[in-house]
Amino acid sequence: MKWIIVTGDSKGLGKEIVKQILSDSEYGVIGISRSNEQSVLELIDMYPKRFKHLSFDLEKVMDIKELYTKHIRKIGPIYGLVNNSALAYDDIISNLNVESLERMFKVNVFSSMHLTKYAIRDMLLNKIEGSIVHISSVSAHTGYKGLSMYAATKGAMEAFSKNTAREWGSKGIRSNCVVPGFMETSMSASLSNEQKDRIYKRTSMKKETDVGSVASSVVFLLSDKSRSITGTVIHVDNGTI
Amino acid sequence: MTRKVAMIINEMLEESGLEKVDNVNLSMSLRDDFNLDSLMLAELTVRLEDEFGVDIFEDGIVTTFGEVIEKLERK
């Protein structure tokens with residue numbers, strides 16, 4: 001079984017990514033999120049052998065080593081990692097709150113990097129040419145009022161990914177980012193319809209980004225079909241300008 | 001333990017098409033005498049962790065074969 005770690009498996013894009021990965025019987029998914037098993041019961045029922053859920057708060061960066069050694073490692077060899085979990089702390093810069101900012105960087109950046117560390121180590125041990133995919137955001141490329149701090153976490157991960165690709169390419173380990181536009185998920189739920197309309201008007205296709213299209217791009221980057229693609233980003237954003 | 005670690009290093013050297021090291025001593029440098037580069041050292045780390053449950057690079061750099069043995073024996 002080819003195991004893929006997916007963070008933020010309980011809702012939105014993460015859940016869609018898990019479903020699409022599991023539609024191929026070659027793969028198993030280790031889903032990680034704060035949520036308990038109730039939120040992913042549907043997936044556990046559908047794929048009792050190929051889906052494992054680990055309840056873990058990604059704010060606890062220092063506990064990731066134990067999460068890997070005591071749980072993830074015992075499930076099976078890791079072929080892929082999807083860093084999808086993210087906190088969105090949105091505010092204008094003059095209101096910056098250090099605690100909120102630190103919490104967001106822990107989840108979006110430090111934990112993602114730490115999981116990448118253990119995914120690479122697992123791939124090295126098992127001689128697996130694996131694939132790492134980070135979920136970035138269009139906000140790292142096009143500015144939006146109130147998203148500077150969130151966008152900074154995504155920009156950090158894009159730089160990390162490019163350098164991961166360079167560092168580990170000789171071992172066949174790949175690293176890429178998918179850059180979604182605004183989707184109709186809980187992360188954008190706090191936006192008013194007017195705000196959403198304004199955002200969608202900035203896209204070529206004048207509408208929200210389709211979650212399924214983003215997920216299938218992630219699955220493509222995990223698969224062997226993308227074996228020559230590393231150190232890059234795929235924009236799935238309805239042509240944001 | 002010394003023999004086991006030397007065996008793991010030699011396995012890695014062989015897999016990479018490099019010459020094995022027959023006479024191992026504790027003062028030998030991992031980089032200069034065993035010819036391990038940073039990626040090979042990373043691989044050695046995970047192999048040793050798998051075998052002994054110790055991450056030799058967790059709390060600082062190790063440069064010699066003897067330092068590796070010392071870290072493994074300490075835990």
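Chain letters run A, B, ... following the sequence lines, proteins first and then strands; every chain starts at 1.
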> Just checking heavy atoms, which of residues 32-54 of chain A are less than 4.5 Å from chain B?
Replying inline: none
> What are the two closest non-hydrogen atoms of B:Val46 and A:Leu124, and how far apart are they?
Replying inline: CG2-CB, 4.0 Å
Donor-acceptor pairs, chain A vs chain B, cutoff 3.5 Å:
| residue | atom | partner | partner atom | Å |
| --- | --- | --- | --- | --- |
| A:Lys65 | NZ | B:Glu58 | OE1 | 3.3 |
| A:Lys65 | NZ | B:Glu58 | OE2 | 2.7 |
| A:Arg73 | NH2 | B:Asp50 | OD1 | 2.7 |
| A:Arg121 | NH1 | B:Asp55 | OD2 | 3.2 |
| A:Arg121 | NH2 | B:Glu49 | OE1 | 3.1 |
| A:Arg121 | NH2 | B:Asp55 | OD2 | 3.2 |
| A:Lys127 | NZ | B:Glu15 | OE1 | 3.0 |
| A:Lys127 | NZ | B:Glu43 | OE2 | 3.1 |
| A:Lys171 | NZ | B:Glu43 | OE1 | 2.9 |

